[in-house]
S.K.: 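Dumping the structure here so I can ask a few things about it.
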Amino acid sequence: MALDRVRLGTAPDSWGVWFPDDPNQVPWHRFLDEAAAAGYEWIELGPYGYLPTDAAQLRDELDRRGLKLSGGAVFAALHRGADALKQAIEDCRTEARLLTALGARHLVLLPEGYTDLDGALTQPRDLTSEQWSDLCSGMDVLARTLQQEFDVELVFHPHADSHVDTQDRVERFLEQTDPEQVRLCLDTGHIAYCGGDNVAIIRRFPERIGYVHLKQVDPAVMDRVRAEGLGFAPAVRLGAMVEPPTGVPDMPSLLDALADLDADLFAIVEQDLYPCDPDTPAPIATRTARYLGACGIGPVRA
């Protein structure tokens, strides 16, 4: 099947943006300029507060560059119980108001990680049974709330150095959440980083794939990460995430599996680069857009 139902986009993450405000990051207007120049029409919001949060201003900035908004992202620690769920609902409501004002209908929920920017452990690597229950039931409630209040689909993003990282944990999460409410943001780089098989997940849970982050990892860097027991942030600084087609997973096989879903999907390029030289992202983004456009994913502007 063709990839004409898969819409290509990019995200501030591909410009080394992890925080709303950080001196190591490019200014938001430069990201918008360079994303448009690289050929993309769709972008993600990035961390809330990085791009303008006034809907009218953001709409004007996007329209001037011919850009559209696919969705946004929120971090939450649902495994911490009722108070964390309450905070997540409020954070997601704030984000959803801005997204829907711009016509976007996807919100990516990322789990709290267990390592910091130095790679040090900040909490246990494994959840208790009660924490797993809080995580999964909280996701059901959060997804239902956003659908009912905003007509926004909440998609869950497995993440390296989080409690839903390996393929076993991803599958456990899917088995313990409501299939009518909860779907995945399949981040191909994070799955590969943790030794998972993206195509196998797509084949086993085709109806649970609701959104995609496209990225690849460098196997040689991953060998060092495993050998030295490094955390995710230090791995990114070593260049763990790379542009296609230089890493894994194999991009043609992955795209074939997505095409077989025959579903409307966003595929957002999200190559972790924090921190990076400000002149690094734009050439990578341009090459990536051209490569994926040649693979049959669009739109990509000349």
Side-chain angles (χ1 to χ4, degrees), residues 8 10-18 24-26 34 38 110-111 113-122 125 157-171 184-203 212-258 267-295 297:
L8 181 66
T10 192
D13 195 13
S14 293
W15 269 256
V17 175
W18 277 8
N24 292 315
Q25 298 173 169
V26 299
E34 293 183 351
L110 299 106
Y114 56 69
T115 59
D116 62 16
L117 288 177
D118 296 320
L121 278 176
T122 57
R125 297 175 184 271
H157 182 308
H159 199 288
D161 284 10
S162 82
H163 300 107
V164 186
D165 49 5
T166 64
Q167 186 163 341
D168 286 346
R169 286 173 160 176
V170 172
E171 293 181 356
L184 280 187
C185 169
L186 182 73
D187 188 299
T188 62
H190 282 270
I191 296 296
Y193 180 100
C194 298
D197 185 332
N198 284 277
V199 172
I201 292 173
I202 295 170
R203 301 292 190 214
V212 179
H213 280 170
L214 285 177
K215 61 166 69 95
Q216 291 187 314
V217 298
D218 184 329
V221 174
M222 288 312 304
D223 286 344
R224 178 177 172 184
V225 168
R226 286 187 284 267
E228 299 182 17
L230 300 177
F232 179 68
V236 169
R237 293 195 291 272
L238 286 175
M241 301 299 173
V242 293
E243 65 186 274
T246 59
V248 294
D250 176 68
M251 194 58 68
S253 300
L254 173 68
L255 296 180
D256 285 345
L258 293 177
I268 305 299
V269 177
E270 202 206 36
Q271 182 182 342
D272 293 275
L273 289 174
Y274 180 86
C276 66
D277 184 283
D279 294 329
T280 296
I284 295 174
T286 302
R287 291 192 297 268
T288 301
R290 290 174 178 169
Y291 170 77
L292 292 170
C295 290
I297 304 181

S.K.: State which residues pass ring pair (Phe, Tyr, Trp, His ring centres under 6.0 Å) with F232; sequence neighbours excluded, sorted by chain then number.
M.R.: H159, H190, Y193
S.K.: Looking at residues at least two apart in the chain, or sitting in another chain, which of them share a ring pair (Phe, Tyr, Trp, His ring centres under 6.0 Å) with Y274?
M.R.: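 Scan of Y274 (ring pair (Phe, Tyr, Trp, His ring centres under 6.0 Å), adjacent residues dropped) gives W18, F19.
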S.K.: Quick one: does P234's side chain get under 4.5 Å of D118's, heavy atoms only?
M.R.: no
S.K.: In Å, rounded to the nearest 0.5 Å, how long is the span from CG of L255 to CG of L214?
M.R.: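 Rounded to the nearest 0.5 Å, the CG-CG separation comes out at 6.5 Å.
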S.K.: So, do V269 and L292 sit near enough that their side-chain heavy atoms are less than 4.5 Å apart?
M.R.: yes
S.K.: Only pairs at least two apart or in different chains count here, so list each side chain to side chain donor-acceptor pair (under 3.5 Å) that has a residue in residues 239-249.
M.R.: E243-R287
S.K.: Considering all heavy atoms of both residues, which atom of A240 and which atom of M222 are nearest to each other, and what is their separation?
M.R.: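 Minimum heavy-atom contact is CB-SD, 4.4 Å.
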S.K.: Is the backbone N or O of I284 less than 3.5 Å from a side-chain atom of T288, with the two atoms forming a donor-acceptor pair by type?
M.R.: yes
S.K.: Once rounded to the nearest 0.5 Å, what's the spacing between atom SG of C295 and atom CE of M251?
M.R.: 7.5 Å
S.K.: Can you list every side chain to side chain donor-acceptor pair (under 3.5 Å) pair that touches residues 221-234, not counting sequence neighbours?
M.R.: D223-R226, R224-E228
S.K.: Do P252 and D250 come close enough that some side-chain heavy atom pair is under 4.5 Å?
M.R.: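 Yes, close enough: below the 4.5 Å cut-off.
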S.K.: What distance separates L273 CG from S14 OG, expressed to the nearest 0.5 Å?
M.R.: 6.5 Å
S.K.: Is the shortest heavy-atom distance from the side chain of D187 to the side chain of E270 under 4.5 Å?
M.R.: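 When only atoms from C-beta onward are counted, E270 and D187 do touch, with a gap below 4.5 Å.
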S.K.: What heavy-atom pair brings C276 and G16 nearest, and what distance separates the two atoms?
M.R.: SG-CA, 4.2 Å
S.K.: I need the Y114 OH to D161 CG distance, nearest 0.5 Å.
M.R.: 4.5 Å
S.K.: Would you say the side chain of I201 lies within less than 4.5 Å of the side chain of L184, judging by non-hydrogen atoms?
M.R.: yes
S.K.: Run the numbers on V242 and V217 for side chain to side chain contact (heavy atoms under 4.5 Å, CB included), then give the verdict.
M.R.: CA-CA 6 Å; V242 293; V217 298; 5.8 Å; no
S.K.: To the nearest 0.5 angstrom, please state how far the CG atom of L258 sits from the OG1 atom of T188.
M.R.: 8.5 Å
S.K.: At what distance, to the nearest 0.5 angstrom, does CZ of R237 lie from CG of D272?
M.R.: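 So the CZ of R237 and the CG of D272 are separated by 12.0 Å.
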S.K.: For residues C194 and A160, report the shortest heavy-atom separation together with the two atoms involved.
M.R.: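 Looks like SG-CA, 3.8 Å.
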S.K.: Check P275 against N24 and note the closest heavy-atom contact, atom names and distance.
M.R.: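 Where P275 meets N24 most closely, the heavy atoms are CB-CB, 4.0 Å.
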S.K.: Compare all side-chain heavy atoms of Q216 with those of V248 and state whether any distance is below 4.5 angstrom.
M.R.: no
S.K.: Can you find a pair of side-chain heavy atoms, one from H213 and one from Q271, that are under 4.5 Å apart?
M.R.: no
S.K.: Once salt bridge (Lys or Arg N to Asp or Glu O under 4.0 Å) is applied, do any residues pair with D13, and if so which ones, sequence neighbours excluded?
M.R.: none
S.K.: Which heavy atom of P283 sits nearest to which heavy atom of D279, and what is that distance?
M.R.: CD-O, 3.4 Å
S.K.: Just jot down the salt bridge (Lys or Arg N to Asp or Glu O under 4.0 Å) partners of R203, sequence neighbours excluded, or say none.
M.R.: D260
S.K.: Test L186 against V170 for side chain to side chain contact (heavy atoms under 4.5 Å, CB included), laying out the working first.
M.R.: CA-CA 10 Å; L186 182 73; V170 172; over 6 Å; no
S.K.: Would you indicate whether the side-chain heavy atoms of I268 and V212 approach each other to under 4.5 Å?
M.R.: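 Heavy-atom side-chain distance check fails, nothing below 4.5 Å.
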S.K.: Which atom names give the shortest non-hydrogen contact between A192 and N198, and what distance separates them?
M.R.: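 Distance-wise, the nearest heavy atoms are N-ND2, 3.9 Å.
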S.K.: Within the 3.5 Å criterion, strictly below it, is a donor on W15 or E34 matched to an acceptor on the partner's side chain?
M.R.: yes
